[in-house]
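Quick note: numbers below take in every heavy atom, side chains included, and nothing from hydrogens, waters or symmetry partners. Predicted, not measured: the structure shown is a model, and the values here were computed from it.
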Amino acid sequence: SRPQDIGFFPIVIKSFDQTMEEAFKVATHFSDRKFYIKMKGGRSEQYNQRFRSLMREAPSNVIAYTHPDPYELLLNISYGICFTTLVAEALQFKVKTFNLDMDATLEHQYYRNFSELTVPDGDTIIKRIEAIESGQEPYNFERYSGLIAIDGPDIIDVIRKDIGLKAESC
């Protein structure tokens, strides 16, 4: 079983500082677990400096995940807060995923078609995780089968096989 850790995959958009602030709310609330932040590579030095500056104010359980491969992280977390194609990819990895949608000026955001997937802020993520963990609101991956193939082979087993390890479901 995976640890109950959380991964946040921010991107550089107008609301970057605000999304980091909301992520820190979630990290503070779940201070008993690791909260990884994986910035997408290839950003300008200006944004890298901004990220480093914001990280100085991060709660103590926040870890800057610097490995270039986000998929390794997806294998080791239970919850993901994403915005890009990583939303769909995280779902395939069976990560309970939330699309943090804080930019109302963005006209086209496909994930908004999945209301349970899209959340407006950190407080909503906290409530959803608590409801999932209490059994009050189980996370339903099948709800997103119209977004990405959920019922295919277990992606974790495929990756394990590809790197020469035995599949866990065997």
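Remark: the backbone N or O of Thr84 is paired with a side-chain donor or acceptor of Tyr111 at under 3.5 angstrom. Between the side chain of Arg128 and the main chain of Glu137, no donor-acceptor pair closer than 3.5 Å is present. Between the side chain of Thr118 and the backbone N or O of Ser115 there is no donor-acceptor pair closer than 3.5 Å.
Annotation for Lys25: atom NZ counts as buried by contact number, over 12 foreign heavy atoms lying within 6.0 Å.
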* To do: Just do the side-chain hydrogen bond (donor to acceptor under 3.5 Å, both in side chains) check on Ser31 and Asn61 with the steps written out, would you?
  => CA-CA 6 Å; Ser31 61; Asn61 61 324; 5.8 Å; no
* **side-chain contact (heavy atoms from CB on, under 4.5 Å) between Phe24 and Ile37, worked out** => CA-CA 10 Å; Phe24 289 167; Ile37 298 184; 3.8 Å; yes
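Between Phe93 and Tyr71, the distance separating the two ring centers is shorter than 6.0 angstrom.
Annotation: cation-pi pair Lys38/Phe9 absent, no NZ/CZ under 6.0 Å from the ring centroid and within 45° of its normal.
Note on Glu130 versus Lys127: no salt bridge recorded, every NZ/NE/NH1/NH2 to OD/OE distance being 4.0 Å or above.
Between Tyr79 and Phe98, the ring-plane angle classifies as parallel under the 30° and 60° cut-offs. The aromatic rings of Tyr65 and Tyr36 lie perpendicular to each other, with more than 60° between the two planes, well past the 30° mark.
Between Pro10 and Met20 the shortest side-chain heavy-atom distance falls below 4.5 Å. Under the 4.5 Å side-chain criterion, counting only non-hydrogen atoms from C-beta, Asn113 is not in contact with Leu147. You'll find the side chain of Phe8 reaches within 4.5 Å of the side chain of Thr19, heavy atoms only. Residues Phe141 and Gln92 fail the side-chain proximity criterion, which asks for heavy atoms closer than 4.5 Å. No side-chain heavy atom of Asp5 sits under 4.5 Å from any side-chain heavy atom of Asn76.
Counting only residues at least two apart or in different chains, salt bridge (charged side-chain N to carboxylate O under 4.0 Å, His left out) contacts with residues 47-62 comprise Asp17-Arg50, Glu45-Arg52.
Between the CG atom in Leu100 and the OG atom in Ser15 there is a gap of 7.5 Å [rounded to 0.5 Å]. Separating the CD1 atom in Ile125 from the NZ atom in Lys96 is a distance of 14.5 Å, to the nearest 0.5 Å.
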